[in-house]
Chemist: 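First, the structure itself, so that you have it in front of you.
The chains referred to below are lettered A, B, ... by the order of the sequence lines, with proteins before strands, and numbering in each begins at 1. Bear in mind that the values here come from a model prediction, so they are computed numbers and not experimental data.
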Number of protein chains: 4
Amino acid sequence: MLKRNGSAIHRFGLMEENAMSIRKMIALHPDVHGHVNQPLGDAAHHLMYCARMCLSCADACAAEKMDMRQCIRVCEDCADICEATGKLAVRRTGSNERVLREALEFCARVCDACAAECDRYEHEHCKLCAQMCRECAEDCRNAAASVMEPA
Amino acid sequence: MLKRNGSAIHRFGLMEENAMSIRKMIALHPDVHGHVNQPLGDAAHHLMYCARMCLSCADACAAEKMDMRQCIRVCEDCADICEATGKLAVRRTGSNERVLREALEFCARVCDACAAECDRYEHEHCKLCAQMCRECAEDCRNAAASVMEPA
Amino acid sequence: MLKRNGSAIHRFGLMEENAMSIRKMIALHPDVHGHVNQPLGDAAHHLMYCARMCLSCADACAAEKMDMRQCIRVCEDCADICEATGKLAVRRTGSNERVLREALEFCARVCDACAAECDRYEHEHCKLCAQMCRECAEDCRNAAASVMEPA
Amino acid sequence: MLKRNGSAIHRFGLMEENAMSIRKMIALHPDVHGHVNQPLGDAAHHLMYCARMCLSCADACAAEKMDMRQCIRVCEDCADICEATGKLAVRRTGSNERVLREALEFCARVCDACAAECDRYEHEHCKLCAQMCRECAEDCRNAAASVMEPA
């Protein structure tokens, strides 16, 4: 019992810390020297969440009684693009700036499309997914603007 | 400027909220009725983080001057298994309990192996990755114990 | 027109060659020296296919008129596990034998479960998916038996 | 022994069949009615291969004695984008034409960039990867041109 309480407190601390930990991890890359690109770090963080929430929304849609096929398709596609873009966004070895910027710009449009589809439904999971997609799209655009291509 | 400050505050709020949002999303699944399996929700959350942090550690290892090949291999493999297990952990449509439980148990062992490899190095990214892997392994084991197979 | 025919012939040749190319690629790894583990190469090849065919079956199931929720769940989960296992199966840098063998053994059981679920339906995509899963499970078991753990 | 020979023959037949099976699977989707978009089916097939071969090239690069960091980065990123695009390319439930077309167009550029990087090296795995990327880029462009947006 005590152990459980202790574990719960520990876990709460961990959750807090986790919110920072993708950026912290990137800061430890030997070529980054602690100077993380903040908008790109934010995007990396939200892309990870958005990918999983789109997957969860698609799964919830599959269990709804009404026909949610279009929303399933759009959420599954958005999950895949966010997943891939989120992986690109954490890498700092070498340089792939043009690809990264285009990925972020494209992903923002995919998130826009997913938010628009989810907005069409009253399901709470669709509303939450739409909100996440809008915030992720904004983060992707900010991050894309921050990525400099080599001259 | 003001807008930036406002956005930063907003973002901080969002980070807090995000820490809860995978579980919140699962709670909105039509078959879940708000009763989320807490250990499984925690595992879903940490698996998402652990996958990305192992990927980031592998990327940082590739930029280190010393030979980090073994750590790259183990981190990349762990990222892939955490990624897959994390996807299974959010799905609530239908039932795939035996597969889910085995995935969580297997993933815990993969995280153990990754933590052990990362522990061999002094790089801060390896230390952070090892910590994440240990916590993720614990969450996976707790979650596996909470998944009931149909009688 | 001629160009199109030429391209078709070229493509046919490419398809043939592709069937061999995952193994060919692995054979070119600097630590492999051309001696590919044949069962592991076969598994790498089929895991790639099986992941994509399970995804396709889940997508087709979502468009069927009858309730295919359980099959969608099982196919999506199988796609994710095959995907992850397939990635592990191509890596030859460093050594992660125990994880690889367990991944192959686990994946075989996931494929068995997916084949059993797909076998319950008359849809042609389910039948094809079940067949693929059975063959993939067999390849995974052969490959697992071929992976030696370091003494 | 005989069984092994039989199995090998069977496997050879399976390899042949597999080359066709992604398209065959798509043809069985209830909304497709057997009329597969051929360029899109080809792209789905090659994206699957290209994703895995870029992953394999990155893994082989990590084991080379010379500094292959830039090639590892570009191959890993290309693998992720091909993976995501390949998943989008097999889905036929609902409609997400604009996203699919943009994904294919973007992926073609990522494959171009990966081919250009791999072309800089003498390693046989880089040469094979570059060839695969060029063919995949061509397939993606053909497929993008074949995807019609709804009027």
Chemist: Taking side chain to side chain contact (heavy atoms under 4.5 Å, CB included) as the criterion, tell me which of B/D112, B/V110, B/V74 meets it with C/V99.
Modeler: B/V110
Chemist: Work out which heavy atom in B/L88 is nearest to a heavy atom in C/R73; give both atom names and the distance.
Modeler: O-NH2, 4.4 Å
Chemist: Which atoms of B/A79 come close to chain C, meaning under 4.5 Å heavy atom to heavy atom: side chain ones, backbone ones, both, or neither?
Modeler: neither
Chemist: At a 4.5 Å cut-off on heavy atoms, which part of C/E102 comes close to chain B: side chain, backbone, both, or neither?
Modeler: both
Chemist: Does the C/R69 side chain pair with the main chain of B/G94, one donor and one acceptor, at a distance under 3.5 Å?
Modeler: no
Chemist: Per the salt bridge (Lys or Arg N to Asp or Glu O under 4.0 Å) rule, which among B/R92, B/R91, B/K87 passes with C/E76?
Modeler: B/R91
Chemist: Please find the pair of heavy atoms, one from B/D80 and one from C/A84, that lie closest to each other, and give the distance.
Modeler: O-CB, 3.5 Å
Chemist: If you round to the nearest 0.5 Å, how far is CZ of B/F106 from CD1 of C/I81?
Modeler: 8.5 Å
